[in-house]
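First up is the structure itself, then whatever we jot down about it.
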Amino acid sequence: MGAPDLKLWLHSWSCFEEISVKITDAEVFVTCPGRNFVTLKISTDEGVYGLGDATLNGRELAVASYLSDHLIPCLIGRDPFQTEDVWQYLYRGAYWRRGPVTMTAIAAVDMALWDIKGKALKTPVYNLLGGQSRTGVMVYGHANGRDIEETAEEVAKYQELGYLAIRAQSGIPGLPSTYGVAKDKLYYEPAEKGLPPENAWSTEKYLLHVPKLFEALRLKFGDDLHLLHDVHHRLTPIEAARLGKSLEPYHLFWLEDAVTAELQEGFRIIRQHTTTPLAVGEVFNSIWDAHILIQEQLIDYLRMTVVHGGGLTHLKKIAALAEIYHVRTGCHGATDLSPVAMAAALHFDISVNNFGIQEYMRHTKETDEVFPHSYSFKGGYLHPGDAPGLGVDYDEKLADKFPYERAYLPVNRKLDGTMFNW
Ligand code: GCO
Ligand code: MG
């Protein structure tokens, strides 16, 4: 290493020694620039502040209250550099561990502290997580249509935008509406204002239709394009095994959330029958939701992401465990995760060796304006940019123009009225 590098190192070391920061204040903002987002802003006596995403779709105010009423009072006066200690303090200190509300609130604090750390050290967060393991993060976009033809047209649009990987969902003949098919194509948003809308479901109709969709897509687009599909928790293990088997000729990148995953052991059945790669975990909130899946190599991709998976501090440990068992990451990145969570995911994705893919549903123009960010898309890849910290800001004045509006994800019933999984 030459002399200039050493000088730089000595300089950054002396900066590090001078840093002694204290948390002075923290605020929670709820805004609805097209959809609801909850954002935590932690301020310090050095003027540096950090942002964390605390959005839990359809249950936003519960996390906002958890932060304001229970966590923020415990943060004032603490050293924001102690990310591990603060995480343990909030996780162990609650006594009531885990659960989506608790873990989303902890994740928001953790994200904001990593953001502060990066800004104070004047470096992007990925440099604190191990640096850049790759030049960019491959993402997948969402193509959806009312039928196979319309879905294929949408796949073509994403391909033109440069995507190398595309998730395909289509309407099911005989069902008036289903998961993944939206009016607004590029900005698919499942939550709706008012009370939860109701959808109808038939497993048989679905299982007959999906292989036809992927047969048509492979015929039209050839073998190179990565294709993905989300079942959205609707099958039993043996039904999922049948679907996985019937999709093998179309070599999917992954089949997502084939079953509800409370019963991790259920994946053993799917695994015995199919070589279609399996992804799961967007609703998981700690390692205890995934440890059997990882250690028994029952899945190929883990969908846990920074905001619902306990923050960067927890997720990087989960990724380290997953790496040993050949499980790669595939962070959830739907529009209900704010640009703050998207940025945090990108810093994580670019740094870990066992990165697989990142979901990227583009946010609307209004959302991007409320959250100006340094990450950018090029040729199928996202890059977090080189701004210090997470590289995202929050325009409070603009956000005030979009007050919270109650909204819910749909619920789902079988054709005979039985309540089912959305
Ligand atoms: C995905 C997800 C979303 C979820 C949504 C719930 O794969 O992107 O399944 O569509 O339904 O994020 O809030
Ligand atoms: Mg999903």
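Indexing begins at 1, ligand by ligand and atom by atom, following the structure's order.
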Non-hydrogen atoms closer than 4.0 Å to ligand 1: which protein residues do they belong to? List them by chain and number, please.
-> N57, H142, R167, Y179, D230, H232, E256, E282, R303, H332, A334, D336, E359, L409
Ring-face cation contact, Y49 with K119, 6.0 Å cut, 45° max = yes
Using the six-membered ring of Y95, assess whether NZ or CZ of R92 lies under 6.0 Å from its centre and within 45 degrees of the ring axis.
-> no
Salt bridge (charged side-chain N to carboxylate O under 4.0 Å, His left out) filter on E149, not counting sequence neighbours, yields none
So which N/O/S atom does E256 have closest to the Mg ion (ligand 2)?
-> OE2
Have a look at the Mg ion (ligand 2) and estimate, to 10 degrees, the angle subtended by OD2 (D230) and OE1 (E282).
-> 180°
Looking at the rings of Y140 and Y158, which for Trp means the six-membered one, are their centres under 6.0 Å apart?
-> no
Is it true that the NZ or CZ of R234 lies under 6.0 Å from the centre of W422's six-membered ring and within 45 degrees of the ring axis?
-> yes
For S133 and N353, does a side-chain donor sit closer than 3.5 Å to a side-chain acceptor?
-> no
Measure the acute angle between the ring planes of H363 and F37, then classify it against the limits of 30° and 60° as parallel, tilted or perpendicular.
-> perpendicular
